[in-house]
Amino acid sequence: MKTIYKDSVLAKKLIIGTVLCSSVITLILTCITLYTQYSRDINQLNQSEQIIKNSLLKSLSESVWDYDDKLIRLQLEGVLSQPYIVKTHLALVDGQKFSSGAIEHDWVKVYTFPIIHQHRDKQRELGTLTVTADLHDIYQELVNAAALTLLFNAIKTFAVMLFMLFLIDRLIGRHLVKIVANLEQVTPDAPPLPIQLKRSGPLKADDMDKLANAINAMQQRLFNAHQAERLASQERAQLQEKIINQNQQLAQLDRVFTMGEMATSLAHELNQPLASITGFADICKRFVGQDPINTAMVEKTLEKVSSEAIRASEIIRRTREFVRDRTPQRGSHKATDLVAESIAMLQDMATKNQVRIDFQTLSSSPSIDVDKVQLQQVLINLIRNAIEALKQRQHAEVKIRIEVINQIVIMHIADNGPGLAAKVMQNLFKPFITTKEQGMGVGLSICHSIIEAHGGNIMVTSEANKGACFSIQLPLSPNQENTSK
Ligand code: ADP
């Protein structure tokens, strides 16, 4: 019983409901009982009235006519024997008055009868008889009956309520407490603890067992589903990691492939500082051979040799960095620097193919948080594709433009070539789609995944024989957001 009483809203509702319902029923029953009793008493009173009318009035009129004082008084007292009649009063027309009994309470009912005597076919009114009935006893009995009925019903209600509470606690309450305690311990990761209801004595399995079994089954299903979902999400995460790794390997392969393609350009680019070094070394040799040695010129020439050697080593560093298998590392980089370096790596290829690269540098370049090598890979892929598309075309030009709109840095790489082939447009950014004999068809798909991994977007517009334009959108570096508009 403790279980259901303690803080149980159910028990409170039950008590209030039972008391209310029982009170209403008790009230209705009591009213019916009291009304029946009241009708019975009033009936009795009416019977007394009839008796007076039918049997007493005639004999009383005889006694009055005979002026039998003693008999009149006797008859008036005889009326008092009728239930509830407490007083009789006879007022004769000659002024004589007879009274019997007394009125003790306020609740009374008064009956008045004329005393008429039949004499030689003539009726003569001799006086008036007033009979007073005391209703106090009737009402008192009603009040007593009401009090008793209410008391008995209250005791009955209380007893029934206690019994109901006991039954509900035994059949429902204690099981609910057990179910709640069990459910409070449920966690999605732990295997469910099945609810086992206490069953003792003659109580057999009932609806509560069905409920417990349903909850047990539901818990098991939820646990199984959660486990399956956890396994699936682990597998998804592993797959995702595998895809990322494969993408990185593919991107690295693409860079090696690109570098292979650009080997001649690279050799040509490297050749320039090497030729300069050879030239400056010859000049230096000449200055050293002079007498006296022109040390100032020797120093100046050696400085030039050194700076050309640095330029050559920078080309080699850049190339190694581009091809090296590495984990991406993001940092804040100026968009113009990234574009300029990418153009530098492709400049020789562009010159050989008579393609003009038009890049308008900005005075204050926006910064973007990117992996430098990955972003250069994207730019090189797009610019190289543009140059290749422009091969043997008149007025071939690649225009590169950078703008910032709403904190987004947009880099446009546009060419005036043939535009994208329908096959490429339909499978845009899907791997292994190429129109080139030696092409791998992975460049655009790698560009797409790199830009997406940086939280950006890559879009294309293309018109046949007018050209294609690739637009890369990347968020402006947070460091620069406050200063740039
Ligand atoms: P690949 O260069 O090895 O073919 P990509 O994925 O870089 O692989 O390019 C896929 C195809 O997209 C190219 O074969 C080419 O047909 C087309 N393409 C890419 N850029 C341009 C461009 N600027 N103009 C015309 N076609 C292009």
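Order of appearance sets the numbers: ligands from 1, and atoms from 1 within every ligand.
Protein residues with a heavy atom closer than 4.0 Å to ligand 1 are N385, A386, A389, D415, G419, L420, V424, I433, T434, T435, K436, G439, M440, G441, V442, G443, L444, F470, listed by chain and number.
Ion pair D282/R286 not flagged as a salt bridge, since none of the NZ, NE, NH1 or NH2 atoms sits closer than 4.0 Å to an Asp/Glu carboxylate oxygen. The existence of a salt bridge linking E235 and R230 is excluded, since no basic side-chain nitrogen approaches an acidic carboxylate oxygen closer than 4.0 Å. The residues E321 and R317 are annotated as salt-bridged, a charged nitrogen and a carboxylate oxygen being separated by less than 4.0 angstrom. Ion pairing of E341 with K334 is absent here, as no side-chain N (NZ or NE/NH1/NH2) approaches a carboxylate O to less than 4.0 Å.
A side-chain contact (heavy atoms from CB on, under 4.5 Å) with Q473 is found for one member of I451, V409, I408, I458 and no other, namely I408.
For residues 434-458, the set of pairs meeting the salt bridge (charged side-chain N to carboxylate O under 4.0 Å, His left out) definition, not counting sequence neighbours, comprises E388-K436.
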